[in-house]
Amino acid sequence: MALRMIERSYLRARNGLRYVRGSHRPRLGATPKDVVWQRDKAQLWRYRGSDVRYSQPLLIVSSLVSRSYILDLLPSSSAVEFLRDRGLDVFMLDWGVPDELDAGSGLARYVDEYLPRAVAAVQRETGCAQVTLAGYCLGGVLCTLYANAHEAAPVRNLVLMATPFDFEQMGPMVGALREGRLDPDDLIDETGNVPADVLYSGFFMLAPTTVVAQRATLLERLWDDEFVRGFRAMAQWSRDQVPFPGTAFREVVEHLVRGNALMDGSLRVGGRRIDFATTPATVLTAMAEGDTVVPRAASEPGALLVGHPERREQLVLPGGHVTFGAGRSALRHSLPSLADWITAHSEERAT
């Protein structure tokens, strides 16, 4: 017992110094991958690795407002690594870091330009006619619009992970925009975009006391190398937001936040009305019980709005917003459940 206490004291001191100095930072997004398509800032990645056992590739579409590496946080704590090792051919569409050249990008550019071309690139790379399309957070909204906007969209399965539909159920920053206490132009800087630090402040508003509690837990577990590694990775991601293109932000505020237009089961994008029940894909709405970024009440309506009624399914998972990508709950519950659903709705390759 005494030796263990001495060892832990040493580890606390060592890890504490590393944390204060900012050294020995974990390498994030480390699963090997290749860039197989690119347009402007957007890149399509294909992950290398295990034998592919299912015909339909999986294309994950990240959110517009956070770094995609939350889904590839650390080795052995990575959604893409887990899904790849279950025999899926995994791709990721990463939007990059917007600058003043992207300020004019509206929802139509993502729905009608980037997504169709990225899906076509997946088809070329794999030779498969259909894909499983999985959107995370606002990426799920873009996937919903794309899958229903294009009659020939080759989407066999549509997976919506923590995707907001009812914006009246969202957090305080959204509430301030909805009620008019904040105006979109108040948040847009000289580049024409919403800067990353404003978005981080908005996430911090959701649970300001959480940081104190997390640091108290870190102090208690400072001897645990794996815990410290995971804590530092998550802390880096939570602060590492990206700017929100100004035009898309104004559209989101006008139509989604203030108009709550997604709850009508349709949305006007690029001058046309997109009906969410158009897609013939099998649709899974997945939500987390403890999500404070996109509460369950905000994402649950997707299970009643997207796709044909007989092809809609839903999945309620333990954990919070990041349970789709990282953490113990992800590895024990969320990712196995998602992998089971996707593989059950995909065709196995002939031996």
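Note that this is a predicted model, so its numbers are computed, not measured.
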Contact summary for Ser334 and Pro318, nearest pair of heavy atoms:
OG-O, 3.9 Å
Is it the case that His321 and Asp291 place a side-chain donor and acceptor less than 3.5 Å from each other?
yes
Within-4.5 Å side-chain heavy-atom neighbours: Val61 and Tyr136
no
Residues in ring-ring contact (aromatic ring centres under 6.0 Å, His included) with Trp37, at least two apart?
none
Less than 4.5 Å apart, any side-chain heavy atom of Thr132 and any of Ser346?
yes
When Ile, Leu, Val, Met, Phe, Trp and Tyr are grouped by side-chain heavy atoms lying under 4.5 Å apart, directly or through other members, which residues fall in the same group as Met287?
Val316
When you look at Leu64 and Phe244, which way does the side chain to side chain contact (heavy atoms under 4.5 Å, CB included) test go after all the steps?
CA-CA 7 Å; Leu64 285 175; Phe244 200 143; 4.3 Å; yes
Between the side chain of Thr323 and the main-chain N/O of Gly320, is any donor-acceptor distance below 3.5 Å?
no
Would you say the side-chain atoms of Arg312 pair up with the backbone N or O of Leu304, donor to acceptor, closer than 3.5 Å?
yes
For Arg296, salt bridge (charged side-chain N to carboxylate O under 4.0 Å, His left out) partners two or more places apart:
Glu300
Hey, does the side chain of Asp183 reach the backbone of Asp185 with a donor-acceptor pair shorter than 3.5 angstrom?
yes
To the nearest 0.5 angstrom, please state how far the CG atom of Leu177 sits from the CZ atom of Arg258.
6.5 Å
Does a donor on one side chain sit under 3.5 Å from an acceptor on the other, for Asp72 and Thr31?
yes
Looking at Val122, Leu93, Val155, which one forms a side chain to side chain contact (heavy atoms under 4.5 Å, CB included) with Leu133?
Val155
For Val242 and Gly96, which heavy atoms make the closest approach, and how far apart are they?
CG1-O, 4.4 Å
Minimum heavy-atom separation for Pro336 and Ala330, please, with both atom names.
CD-O, 3.4 Å
When you compare the side chain of Thr282 with that of Glu313, does any pair of heavy atoms fall below 4.5 Å?
yes
Just do the side chain to side chain donor-acceptor pair (under 3.5 Å) check on Asp40 and Tyr114 with the steps written out, would you?
CA-CA 9 Å; Asp40 302 326; Tyr114 293 131; 2.7 Å; yes
Is it the case that the side chain of Gln169 and the backbone of Ala297 share a donor-acceptor pair, with hydrogens and angles ignored and the cut-off at 3.5 Å?
no
Let me confirm one number: the CD-CD distance from Gln130 to Gln123, rounded to the nearest 0.5 Å.
9.0 Å
Should Asp189 and Thr191 be marked as a side chain to side chain donor-acceptor pair (under 3.5 Å) after you check the CA-CA gap, both sets of side-chain angles, and the distance that decides it?
CA-CA 5 Å; Asp189 67 7; Thr191 68; 2.6 Å; yes
Distance col, row Thr144:OG1 vs Phe165:CZ, nearest 0.5 angstrom, shows 4.0 Å
Minimum-distance pair of heavy atoms, taken over all atoms of Leu160 and Gly140:
CD2-O, 3.5 Å
Apply side chain to side chain donor-acceptor pair (under 3.5 Å) to Ser68 and Asp94, showing your working.
CA-CA 6 Å; Ser68 63; Asp94 178 88; 2.6 Å; yes
Does Arg178 reach the main-chain N or O of Phe167 with its side chain, forming a donor-acceptor pair under 3.5 Å?
yes
Looking only at heavy atoms, the pair that brings Arg46 and Thr126 closest together is NH2-CG2, 3.8 Å
Please test Val36 against Phe91 for side chain to side chain contact (heavy atoms under 4.5 Å, CB included), starting from the C-alpha separation and ending with a verdict.
CA-CA 9 Å; Val36 296; Phe91 292 75; 4.2 Å; yes
Could you go step by step and tell me if Leu142 and Leu138 meet the side chain to side chain contact (heavy atoms under 4.5 Å, CB included) rule?
CA-CA 7 Å; Leu142 299 178; Leu138 278 177; 5.8 Å; no
Between Asp89 and Arg84 (salt bridge meaning N to carboxylate O under 4.0 Å), is one present in this structure?
no
Just by distance, no angles: are the side chains of Asp166 and Asn260 close enough, under 3.5 Å, to form a donor-acceptor pair?
yes
What side-chain hydrogen bond (donor to acceptor under 3.5 Å, both in side chains) pairs are there with at least one residue in residues 52-62, not counting sequence neighbours?
none
Excluding sequence neighbours, so at least two apart, what forms salt bridge (charged side-chain N to carboxylate O under 4.0 Å, His left out) with Arg48?
Asp34
Does Pro98 reach the side chain of Pro243, with side-chain heavy atoms less than 4.5 Å apart?
yes
Any side-chain heavy atom of Leu338 within less than 4.5 Å of one from Phe82?
no
What's the verdict on side chain to side chain contact (heavy atoms under 4.5 Å, CB included) for Thr285 and Val159, showing C-alpha distance, side-chain angles and the deciding distance?
CA-CA 6 Å; Thr285 302; Val159 181; over 6 Å; no
Tabulate below the donor-acceptor pairs under 3.5 Å that side-chain atoms of residues 102-112 make, not counting sequence neighbours, or state none.
from   : atom 1 : to     : atom 2 : distance (Å)
Asp102 : OD2    : Lys41  : NZ     : 2.9
Asp102 : OD2    : Asp99  : N      : 3.0
Ser105 : OG     : Asp102 : O      : 3.3
Ser105 : OG     : Arg109 : NH1    : 3.0
Asp112 : OD1    : His150 : NE2    : 3.1
Asp112 : OD1    : Arg272 : NH2    : 2.6
Asp112 : OD2    : Arg272 : NH1    : 2.9
Asp112 : OD2    : Arg272 : NH2    : 3.4

Could you tell me whether the side chain of Ser337 reaches within less than 4.5 Å of the side chain of Leu317, counting heavy atoms only?
yes
Is any side-chain heavy atom of Pro295 less than 4.5 Å from a side-chain heavy atom of Met170?
yes
Taking Gly271's backbone N and O only, do any of them form a donor-acceptor pair with Arg268's side chain (distance below 3.5 Å, no angle check)?
yes
Using side-chain heavy atoms (C-beta onward) and a distance below 4.5 Å, is Pro116 in contact with Tyr146?
yes
Separation of Ile70 CD1 from Cys137 SG (nearest 0.5 Å):
11.5 Å
Rounding to 0.5 Å, atoms CD (Glu81) and CG (Leu335) come to a distance of 10.5 Å
Do side-chain atoms of Arg311 reach the backbone of Pro280 as a donor and acceptor pair under 3.5 angstrom?
yes
Short side-chain to backbone donor-acceptor contact, Asn148 and Ile274, under 3.5 Å
no
For Asp340, is there an ion pair with Arg86 - N to carboxylate O distance below 4.0 angstrom?
yes
Please check if atom CD in Glu179 has more than 12 non-hydrogen atoms from other residues, nucleotides or ligands closer than 6.0 Å.
yes
Taken to the nearest 0.5 Å, the spacing of Leu88 CG from Leu59 CG works out to 12.5 Å
Give the minimum heavy-atom separation between Leu58 and Ala134, together with the two atoms involved.
CD1-CB, 3.9 Å
